[in-house]
Amino acid sequence: MTISTLPLTDLRESFDNDAAILGSILDMFLVEVPQDCLLLQQNIKNGDYHAAGLQAHKVKSSYRTLGINDMASILQKIEDNAKNNENIDLIPELLSQFNDKYEEVNNQVAYTKEQL
């Protein structure tokens, strides 16, 4: 399977396509997001849905910044259900959908950084 680079359209426009800045943003994503995702998983596993909602919100912003909207959308659903204390039984399934794509997306982010 070939990996494609992320377009990073908004970031390229915001930072005048500065490879150093884009690289720093991608580095930050690759360091912080795995830690944040681990916390999200622990919160859900422990049934702390208030904390899970807050964590999903934080992680969602990271994916949205890079234009990875399918992942951001899943996190938005986790956040909404957790914050509203609704459809709690759907949260583990949403997390599973997120986890199914997680490694592939991280590889794509790392590959994009290499191609800058």
Side-chain angles (χ1 to χ4, degrees):
M1 182 180 98
T2 53
I3 301 175
S4 60
T5 58
L6 295 166
L8 303 178
T9 309
D10 292 342
L11 285 176
R12 289 181 189 280
E13 286 176 19
S14 296
F15 296 106
D16 206 25
N17 207 19
D18 184 316
I21 294 173
L22 294 172
S24 295
I25 292 168
L26 295 175
D27 278 340
M28 201 177 329
F29 181 95
L30 291 168
V31 170
E32 291 183 6
V33 167
Q35 297 168 350
D36 290 338
C37 289
L38 188 60
L39 277 173
L40 174 63
Q41 296 200 34
Q42 289 170 343
N43 290 333
I44 291 172
K45 183 179 174 190
N46 296 335
D48 187 347
Y49 293 113
H50 176 74
L54 296 173
Q55 197 64 30
H57 177 79
K58 181 179 180 190
V59 178
K60 173 190 70 185
S61 300
S62 299
Y63 282 95
R64 195 163 277 151
T65 297
L66 299 188
I68 308 170
N69 295 322
D70 55 338
M71 296 292 271
S73 175
I74 294 169
L75 290 162
Q76 181 70 60
K77 291 174 188 169
I78 292 172
E79 178 186 354
D80 290 345
N81 288 333
K83 282 187 173 179
N84 298 324
N85 208 23
E86 296 174 350
N87 302 314
I88 297 300
D89 54 324
L90 292 179
I91 292 176
E93 172 56 31
L94 290 165
L95 182 65
S96 177
Q97 290 173 25
F98 177 84
N99 287 340
D100 287 347
K101 297 179 181 180
Y102 175 79
E103 193 170 329
E104 177 185 335
V105 169
N106 270 21
N107 290 339
Q108 188 179 24
V109 172
Y111 180 75
T112 299
K113 183 183 178 312
E114 291 169 16
Q115 302 303 313
L116 288 176

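Residues Leu116 and Ala19 come closest through the heavy atom pair CD1-O, 3.7 Å. Minimum heavy-atom separation, Tyr63 to Cys37: OH-SG, 4.3 Å. Across every non-hydrogen atom of Asp89 and Pro92, the tightest pair is O-CD, 3.5 Å. Closest heavy-atom contact between Thr5 and Thr112: CA-OG1, 3.3 Å. Counting all heavy atoms, side chain and backbone alike, Phe29 lies closest to Leu66 at CD1-CD1, 3.4 Å. The heavy-atom pair separating Ile78 from Ala56 by the smallest distance is CG2-CB, 3.9 Å.
In this structure, Leu54 CG and Lys83 NZ are separated by 6.0 Å, a value rounded to the nearest 0.5 Å. The structure places CG of Asn69 at 11.5 Å from NZ of Lys60, a figure rounded to the nearest 0.5 Å. Taking CD of Gln115 as the reference point, atom CG of Leu26 lies at 11.5 Å (rounded to 0.5 Å). In this structure, CD1 on Ile74 lies 11.5 Å from CD1 on Ile68, to the nearest 0.5 angstrom.
Residues Leu22 and Tyr111 do not share a hydrophobic cluster, clusters being chains of Ile/Leu/Val/Met/Phe/Trp/Tyr side chains in contact below 4.5 Å. Note: the hydrophobic cluster containing Ile88 also contains Leu94 (ILVMFWY, side chain heavy atoms under 4.5 Å, direct or indirect links). Taken together through direct or relayed side-chain contacts under 4.5 Å among Ile, Leu, Val, Met, Phe, Trp and Tyr, Phe15 and Leu30 form part of one hydrophobic cluster. Placement of Leu95 and Val105 within a single hydrophobic cluster is found when ILVMFWY residues are connected by side-chain heavy-atom separations under 4.5 Å, directly or transitively. No continuous path of ILVMFWY side-chain contacts below 4.5 Å connects Leu38 to Met71, so the two sit in separate hydrophobic clusters.
When the salt bridge (charged side-chain N to carboxylate O under 4.0 Å, His left out) test is applied to Asp27, the partners found at least two apart in sequence or on another chain are Lys113. Remark: Lys58 pairs with Asp36 by the salt bridge (charged side-chain N to carboxylate O under 4.0 Å, His left out) rule, at least two apart or across chains. Scanning for side-chain hydrogen bond (donor to acceptor under 3.5 Å, both in side chains) contacts around Gln108 gives Ser4, with sequence neighbours left out. Listed by chain and residue number, Asn99 satisfy the side-chain hydrogen bond (donor to acceptor under 3.5 Å, both in side chains) test with Gln41 (two or more places apart in sequence, or in another chain). For the salt bridge (charged side-chain N to carboxylate O under 4.0 Å, His left out) test, residues two or more places apart in sequence or in another chain that qualify with Asp70 are Lys101.
Counting only heavy atoms from C-beta outward, the side chains of Asn43 and Tyr49 never approach each other to under 4.5 Å. Contact annotation: the side chain of Leu75 approaches that of Leu40 to within less than 4.5 Å [non-hydrogen atoms, C-beta and beyond].
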Might you work through the side-chain contact (heavy atoms from CB on, under 4.5 Å) test for His50 and Asn85, ending with a clear yes or no?
CA-CA 8 Å; His50 176 74; Asn85 208 23; over 6 Å; no

Verdict with reasoning, Gln42 to Gln55, per side-chain contact (heavy atoms from CB on, under 4.5 Å):
CA-CA 10 Å; Gln42 289 170 343; Gln55 197 64 30; over 6 Å; no

Can Ser24 and Met28 be said to form a side-chain contact (heavy atoms from CB on, under 4.5 Å), step by step?
CA-CA 6 Å; Ser24 295; Met28 201 177 329; 5.6 Å; no

Step-by-step side-chain contact (heavy atoms from CB on, under 4.5 Å) determination, Ile21 to Ile25:
CA-CA 6 Å; Ile21 294 173; Ile25 292 168; 4.0 Å; yes

Side-chain donor/acceptor pairs under 3.5 Å, residues 6-13, sequence neighbours excluded:
from	atom 1	to	atom 2	distance (Å)
Arg12	NE	Pro7	O	3.0
Arg12	NH1	Asn17	OD1	2.6

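Around atom OH of Tyr102, more than 12 heavy atoms belonging to other residues, nucleotides or ligands sit under 6.0 Å away.
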